[in-house]
Peer 1: 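Dumping the structure here so I can ask a few things about it.
Only heavy atoms go into these numbers, but all of them, side chains included; no hydrogens, no water, no symmetry mates. Convention: sequence-line order gives letters A, B, ...; per-chain numbering from 1. Please read all numbers here as calculations on a predicted model, not as lab measurements.
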There are 2 protein chains.
Amino acid sequence: MSSTSERLVESTRELLWERGYVGTSPKAIQQRSGAGQGSMYHHFNGKHDLALAAIRRTAEEMRAKAEEQFSGPGTVLERIGAYLLRERDVLKGCPVGRLTQDPEIVADAVLREPVDETFAWLRGRLTELLEEGRTRGELAPGLDPAATASAMVATLQGGYVLARAAGSTEPFHQAVTGILQLLATHSTK
Amino acid sequence: MSSTSERLVESTRELLWERGYVGTSPKAIQQRSGAGQGSMYHHFNGKHDLALAAIRRTAEEMRAKAEEQFSGPGTVLERIGAYLLRERDVLKGCPVGRLTQDPEIVADAVLREPVDETFAWLRGRLTELLEEGRTRGELAPGLDPAATASAMVATLQGGYVLARAAGSTEPFHQAVTGILQLLATHSTK
DNA sequence: GTCTATAGCATGATAGAC
DNA sequence: GTCTATCATGCTATAGAC
């Protein structure tokens, strides 16, 4: 199952992660995938079309990976901790969050849609988990689920920014540790 | 005081903010600044040189703006609140954090240095403030200053990401509210 | 499906006149 | 200091042969 079309999408996914939409050329995609010019334009209408397929797949994959931790075993706090502390390629950054810095993606409703949807889902899912924690008596009632959920997703995304600025994973881990410590304060266990 | 050199740097700052290093061409800089090709290459050695001047100025400006709130009046919590809630052009994102998504900036030690320095300073300065809060008895001793400081800077940076993904400032404000509420838990006042 | 050829324009920079 | 001319290369896509 390593069709040309498949290799084109995978190469585009890698390049979007590494260089963004503006920084990725059709030529680079062709070279990385081993597909020729004619081949690429046979399977896809162009850079935009290919990027859309790549972004949709990356977004879907990210949601699936997160749901693994969210629906795993343990208390709400343990599941959130498992998600935040999951192994990540920190210096590469988030393949979805990265796209929000691309002017041509943000300006294009079609390309932005899967990015928007992913973070909306992520914030919503974490809000649900925090509400579940409160209902179960694991978390203090004073906690604001929606605001806390957004702060956690933002901490992850910003942690990548700090790590890439420093050329080190250290600030990422500090940030994640920080938000988890603050959250732990609200644990009733 | 609107010399050609000055206008070139200012135009580069704007374009780096809007489109990043990879997405900014010398031609675009010339057009925005109103300077000709020869003029640009007379004042600067090229795109790299111009970008360095622009990034250094943006970084300096960002530190100065933050220090306004940090050294302002009020308790530590109030000053941190003033910083986090300061008016910002949320949908434009952070002009410094944005650069961490640029492959050619992260790969270039010279261009990355001012970005690195800015966030190192910001995290350090917030760590100091939180330590001061503990010393003064304004904040609970259980708080981890370094981790909390990193989480706060990350929340801001990630807040921009979420806002740009959503095309709305709402997630940014949720995230900032969330981290402030968590921090307020540790207030002893 | 894949190939090569070609197009029109942009990139990033240099050269040398004024 | 600023201008125009020029350069080799790259971008994104289309055309049409195989």
Peer 1: Output yes when A:Lys65 and A:Glu68 qualify as a salt bridge under the 4.0 Å nitrogen-oxygen rule, no when they do not.
Peer 2: no
Peer 1: What is the distance, to the nearest angstrom, from the CD atom on B:Glu6 to the C1' atom on D:dG1?
Peer 2: 17 Å
Peer 1: Is any side-chain N or O of A:His48 closer than 4.0 Å to OP1 or OP2 of D:dT12?
Peer 2: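 For D:dT12, neither OP1 nor OP2 has a side-chain N or O of A:His48 closer than 4.0 Å.
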Peer 1: Can you tell me which nucleotide in D:dA13, D:dG1, C:dG12 comes closest to the side chain of B:His42?
Peer 2: D:dG1
Peer 1: Rounded to the Å, how far apart are B:Lys47 NZ and D:dG10 P?
Peer 2: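 In whole Å, D:dG10 P and B:Lys47 NZ are 15 Å from each other.
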Peer 1: Where do B:Ala166 and A:Asp116 come nearest, in terms of heavy atoms and distance?
Peer 2: CA-OD1, 3.5 Å
Peer 1: Starting at atom CD1 of B:Ile29, determine the distance to atom P of D:dT2, rounded to an integer number of angstrom.
Peer 2: 16 Å
Peer 1: Given C:dC3, is OP1 or OP2 found less than 4.0 Å from the side-chain N or O atoms of A:Ser39?
Peer 2: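 So the side chain of A:Ser39 is outside the cut-off, no N or O lying under 4.0 Å from OP1 or OP2 of C:dC3.
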Peer 1: What integer distance in Å separates A:Leu50:CG from D:dA13:P?
Peer 2: 10 Å
Peer 1: Testing B:Lys92, B:Arg88, B:Arg98 for side-chain hydrogen bond (donor to acceptor under 3.5 Å, both in side chains) with B:Tyr160, which one passes?
Peer 2: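 One option only clears the test, and that one is B:Arg88.
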Peer 1: Rounded to whole Å, how long is the line connecting atom CD of B:Gln30 with atom P of C:dA13?
Peer 2: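 Checked: the CD to P distance equals 10 Å.
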Peer 1: Measure from NZ or CZ of B:Arg112 to the centre of the six-membered ring of B:Phe119 and say whether it is under 6.0 Å with the direction within 45° of the ring axis.
Peer 2: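 Ring-cation test returns no.
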Peer 1: With the criterion being N/O to N/O and under 3.5 Å, what pairs connect the protein with nucleotides 14-18 of chain C, and how long is each?
Peer 2:
none

Peer 1: Just the rounded figure in Å: distance from P of D:dC11 to CG of A:Leu15.
Peer 2: 11 Å
Peer 1: Can you measure A:Arg19 atom CZ to D:dC11 atom C1' for me and round it to whole angstrom units?
Peer 2: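 It works out to 13 Å between those atoms.
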Peer 1: Find the distance B:Phe44:CZ to D:dG1:C1' and express it as a whole number of Å.
Peer 2: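 Nearest whole value for this atom pair: 14 Å.
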Peer 1: Between B:Arg134 and B:Leu143, which heavy-atom pair has the shortest distance, and what is it?
Peer 2: NH1-O, 2.9 Å
Peer 1: Should the ring pair A:Tyr21 and A:His48 be called parallel, tilted or perpendicular, given that the plane angle runs from 0 to 90° and is split at 30 and 60?
Peer 2: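 Perpendicular, since the angle between the ring planes exceeds 60°.
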Peer 1: Heavy-atom count around B:Glu60 CD within 6.0 Å, excluding the residue itself: above 12?
Peer 2: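 At most 12 heavy atoms, drawn from other residues, nucleotides or ligands, come within 6.0 Å of this atom.
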Peer 1: When you measure from the side-chain N and O atoms of B:Ser25 to the phosphate of C:dA10, is any distance below 4.0 Å, counting only OP1 and OP2?
Peer 2: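 Indeed not, no polar side-chain atom of B:Ser25 lies that close.
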